[in-house]
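No hydrogens, no waters, no symmetry mates; every other heavy atom, side chains included, goes into these values.
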Amino acid sequence: MSTDPLSLTLAALADPTRRAILARLARGEASVTELSEPFAMSLTAVSKHLKVLERAGLVTRSRTAQWRPCRLQAGPLKDIADWVESYRPFWDGGFDRLDDYLRQLQGKETKDDRTQ
């Protein structure tokens with residue numbers, strides 16, 4: 001598996017359980033027990049998912065007395081957003097061509113309506 005940061009982040013986001021964990025952490029820090037509640041899996045399985053997220057830099061864990069909260073680290077998500085943004089000219093060009101085509105079709109319909 002590749003170890004560049006973007007590849008690690010994308011690999012971590014490939015799993016729906018890990019995306020759900022991140023969505024929960026976006027609302028605030030939580031313990032492993034709290035994170036495991038909506039899933040039909042063991043704490044060990046959730047911990048393994050958290051390790052993947054930690055390796056990608058998406059989650060950090062700390063220790064406050066007996067409580068070990070997990071926190072979202074959104075920096076890698078920004079890196080992905082920036083990477084995806086670099087493809088905007090491609091999408092915009094496609095949407096512009098589609099818009100032109102739809103205008104042509106609408107123009108033909110208007111012309112056809114006038115001739116009837």
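- Using a 4.0 Å cut-off between charged side-chain N and carboxylate O, Lys51 and Glu54 make no salt bridge.
- Listed by chain and residue number, nothing satisfies the ring pair (Phe, Tyr, Trp, His ring centres under 6.0 Å) test with Tyr101 (two or more places apart in sequence, or in another chain).
- A continuous path of ILVMFWY side-chain contacts below 4.5 Å connects Tyr87 to Leu77, so both sit in one hydrophobic cluster.
- Note that CZ of Arg18 and CG of Leu50 are 10.0 Å apart. Values are rounded to the nearest 0.5 Å.
- A heavy-atom distance below 4.5 Å is not found between the side chains of Asp4 and Leu8.
- When all heavy atoms of Ala14 and Arg19 are compared, the closest pair comes out as O-NH1, 3.2 Å.
- If you chain together hydrophobic residues whose side chains sit under 4.5 Å apart, Val59 and Val46 fall into the same group.
- For the pair Cys70/Leu35, a side-chain contact is recorded, criterion being any heavy-atom separation below 4.5 Å from C-beta on.
- Judged as a salt bridge (Lys or Arg N to Asp or Glu O under 4.0 Å), and not counting sequence neighbours, Glu37 has no contacts.
- The main-chain N or O of Thr3 is never found under 3.5 Å from a side-chain atom of Ser7 such that the two would form a donor-acceptor pair.
- Residues that satisfy the side-chain contact (heavy atoms from CB on, under 4.5 Å) test with Arg68, not counting sequence neighbours, are Arg63.
- Tracing side-chain contacts under 4.5 Å through hydrophobic residues (I, L, V, M, F, W, Y), one reaches Leu43 starting from Leu25; they form part of the same cluster.
- A distance of 6.0 Å separates OG1 in Thr60 from CZ in Arg71, rounded to the nearest 0.5 Å.
- In the hydrophobic clustering of ILVMFWY residues, with side-chain heavy atoms under 4.5 Å counting as a link, Phe39 and Leu53 come out together.
- Under a hydrophobic-cluster definition in which Ile, Leu, Val, Met, Phe, Trp and Tyr are linked whenever side-chain heavy atoms come within less than 4.5 Å, directly or via other members, Trp67 and Val32 are assigned to different clusters.
- Residue Leu10 holds its CG atom at 6.0 Å from CH2 of Trp83, rounded to the nearest 0.5 Å.
- Taking both residues in full, the closest heavy atoms of Asp15 and Thr17 are given as OD1-N, 2.8 Å, listed atom of the first, atom of the second, then distance.
- The two residues Pro76 and Ala56 make their nearest non-hydrogen contact at CG-O, 3.6 Å.
- Side-chain contact between His49 and Val52: absent, with no pair of heavy atoms (C-beta onward) separated by less than 4.5 Å.
- Put simply, OG on Ser42 and NZ on Lys48 are 7.5 Å apart, with the number rounded to the nearest 0.5 Å.
- Expressed to the nearest 0.5 Å, how far CG of Leu13 lies from CG of Leu58 amounts to 5.5 Å.
- We find the CZ-CD distance between Arg24 and Glu34 to be 6.0 Å, quoted to the nearest 0.5 Å.
- Salt bridge Asp100/Arg103: present, at least one basic N to carboxylate O contact under 4.0 Å.
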